[in-house]
Amino acid sequence: GAVVSQHPSWVICKSGTSVKIECRSLDFQATTMFWYRQFPKQSLMLMATSNEGSKATYEQGVEKDKFLINHASLTLSTLTVTSAHPEDSSFYICSASGASGNAETQYFGPGTRLLVL
Amino acid sequence: EDQVTQSPEALRLQEGESSSLNCSYTVSGLRGLFWYRQDPGKGPEFLFTLYSAGEEKEKERLKATLTKKESFLHITAPKPEDSATYLCAVQVNQGAQKLVFGQGTRLTINP
């Protein structure tokens with residue numbers, strides 16, 4: 001139980017294009033979803049928190065117009081990197097919480113590696 | 001400011017050599033402390049949640065303990081497949097369910 005998937009697992013795009021990453025909770029309803037970014041050999045950095053049907057809460061220093069988050073249902077959240085640039089290249093990981101019996105534990109997806117050329 | 005510090009940064013052990021990883025935390029109010037395992041190029045895998053001092057949890061060769069200031073992840077007779085980065089994170093009482101992560105301990109078990 002408590003499985004989270006992400007799609008795509010990796011993506012290469014040209015500078016200036018937009019990229020959408022999907023995060024799905026497969027076997028539970030996720031009341032809250034989180035988006036993280038991780039640079040090589042560093043820990044996870046929280047970008048934003050989203051609750052189903054409401055606007056995401058962004059961490060300080062994260063541009064909300066650049067990283068668009070939509071949490072349209074209890075099983076799906078999307079992160080869109082708009083007008084991507086090489087400095088946006090990173091490993092993006094989502095997590096979800098709300099699984100019964102362990103409501104506050106975050107379960108992580110496998111991550112999406114983004115490379116912007 | 002809520003802070004989490006893990007030590008050591010990296011640890012190499014021989015197969016079967018038991019050891020402990022440390023996670024020290026300074027928070028305004030602890031809601032829960034979480035341990036995750038992360039393999040290279042993958043998302044973190046949930047291991048344990050600890051809520052109060054004195055609590056202990058076990059899973060196979062791993063045992064997590066919690067005091068008011070720190071948590072330990074004890075690994076007994078490790079195997080090469082236990083090699084990974086182990087992440088500690090705390091969730092505080094106030095606000096959203098955010099996790100504050102430590103920098104992780106890279107554990108390598110040599111056969």
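Chain naming here is simple, since letters A, B, ... match the order of the sequence lines and numbering starts at 1 in each.
- Ring orientation note: the planes of B:Tyr51 and B:Phe34 are nearly perpendicular, at an angle over 60° on the 30°/60° scale.
- Aromatic ring orientation, A:Phe108 versus B:Tyr36: perpendicular (interplanar angle above 60°, classes split at 30° and 60°).
- Of all the listed residues (B:Leu99, B:Val100, B:Thr85), the one sharing the greatest number of non-hydrogen pairs under 4.5 Å with chain A is B:Leu99.
- Contacts between B:Gln38 and chain A at a heavy-atom distance below 4.5 Å involve the side chain alone, from C-beta outward.
- With 3.5 Å as the limit, one finds a donor-acceptor pair spanning the side chains of A:Thr105 and B:Thr49.
- Checked for salt-bridge contact, B:Glu55 and B:Lys57 meet the test: a charged N lies under 4.0 Å from a carboxylate O.
- Residue A:Gln6 does not touch chain B at all, counting heavy-atom pairs closer than 4.5 Å.
- The most heavy-atom pairs under 4.5 Å with chain B, out of A:Leu44, A:Val4, A:Ile93, A:Thr32, come from A:Leu44.
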